[in-house]
Each structure stands twice: as C-alpha cells, then as structure tokens.
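Here is the structure we will look at, set down as structure tokens.
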Amino acid sequence: LAKTTQPISMDSYEGQEVNITCSHNNIATNDYITWYQQFPSQGPRFIIQGYKTKVTNEVASLFIPADRKSSTLSLPRVSLSDTAVYYCLVARGGFGAGTRLTVKP
Amino acid sequence: GAVVSQHPSWVICKSGTSVKIECRSLDFQATTMFWYRQFPKQSLMLMATSNEGSKATYEQGVEKDKFLINHASLTLSTLTVTSAHPEDSSFYICSASTGALGNEQFFGPGTRLTVL
C-alpha cells in the first residue's frame, strides 16, 4: 500500500480557497488518486479522482504533477459546511491520517 | 448512483454476543468490498478485503476468526463480530468497488457498535 502524508490540520475562513497537499512517494503506476471528505459518524464521501495533470468537477480541483508523487486538492470559496476531515487515497484500502479542515466565519 | 447501505446504523450488545453487520451495494455490482474500523478522532483502518465468492483477505493484526466476513453475492457482504467485547466498540464502515479503472470506492454510512 502506498503511504500518504497530509497536514494534520488546517484552518481557513469562509470564502477563501483552500489547498490541501498529499504526498505519496510510493505511488504505483496504475494507482489513481482519490480524495474523500468525512464528517463525524458518517462514511467518507467521494470528492474527486485523478491520474495525472488537472481534474476539475463542480466542487473541487485536483492538481497532480508529472511525477505523481504528490497531489493537491483545491476547494474554492469554502463555507462553514466544508469543515470536515479530508483524506487522499492512492491505493486500495490505505487511508492516511487525513487533514482536519476547520472553516471559521 | 453508486449507493452503498449498511444495516444496522447502530447496535448495542452485551459482551460475549455476536453481531452481524450488512453492507449492500444498491445500484451496482461490487466485485470487491472493504471493511474498515474507525475509532474516535482516528483514521479509517482497513480490516479486510473481500471479493465475491472468495475468502476475505485480512490485514495484519485482524483476527479472522473474530471478524467473520462473507461476500456471497455481488451486492452483499456481511461482517460478523463474534464474542464481542467492549474493546470491539467502534465505528465500522464498508465500501464497495466495481473494479473499474480507478478502483473508486463507494462508502456506506457506517455502523456504530457499542458493546456493554
């Protein structure tokens, strides 16, 4: 399993853009990078997935450099409801510690 | 689409009893299902991976005789916690994957187990 490293916590304010970076130095050639959001006492919710370069959907963007050893989740204009734990996953089953994002008013 | 359900959402049982948790993929066929355990303020810990019709593969340190996993169909997997003890109290989460490119996992809402 590819180990992932993320900042333990981040603080932001409403309306700001938040970027969370995940390191995955041992990513395998066929591994995709997937980001999940989790609220307390709920299962993780899919945010975005990518393999290389940039992916964008209605809620986030994912930036992946050419060497794929890291990835950055970008959340535009966060709101209080975005306060949650965010995980990046690069191989089946291997969740890291996640990043606890706190959005303040 | 891609909805995964779990039942029950919470359960309280006495020490020494067994508890079964069901995980269902409602609108897709899941070739692989995963079972996780999550303690308060901690990350998800993978317990086992199961493929339909095959025996589950357990992670190191997870007792296969205590946590029985059955994946009898492409839409149902069950986790049975046998002879539960208070230390087994946790949040159990399942996920399902179609095996398609990207191997995206779709997660269930979780089951809160409390063993008295």
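Throughout, a chain's letter reflects where its sequence line sits, starting with A, and its residues are numbered from 1.
A centroid separation of less than 6.0 Å is found between the aromatic rings of B:F28 and B:F106.
The aromatic rings of A:F95 and B:Y36 sit perpendicular, their planes meeting at an angle over 60°, well past the 30° parallel limit. Ring-plane geometry between A:Y32 and A:Y51 is classed as tilted, the angle between the planes lying from 30 to 60 degrees on a 0 to 90 degree scale.
Membership of the apolar cluster around B:I12 extends to B:W10, B:L116, as traced through chained side-chain contacts below 4.5 Å between ILVMFWY residues.
For residues 22-90 of chain A, the set of pairs meeting the disulfide bond (SG atoms under 2.5 Å apart) definition, not counting sequence neighbours, comprises A:C22-A:C88.
For A:Y86, the ring-ring contact (aromatic ring centres under 6.0 Å, His included) criterion is met by no residue, not counting sequence neighbours.
The candidate with the highest count of non-hydrogen atom pairs below 4.5 Å against chain B, out of A:G96, A:S41, A:P40, is A:S41.
Only the backbone of B:Q42 has a heavy atom closer than 4.5 Å to any heavy atom of chain A.
Side chain of B:S73 to main chain of B:T75: a donor-acceptor pair is present (N/O by atom type, distance under 3.5 Å, no hydrogens or angles).
Among residues 97-105 of chain A, the residues having any heavy atom closer than 4.5 Å to a heavy atom of chain B are, in sequence order, A:A97, A:R100.
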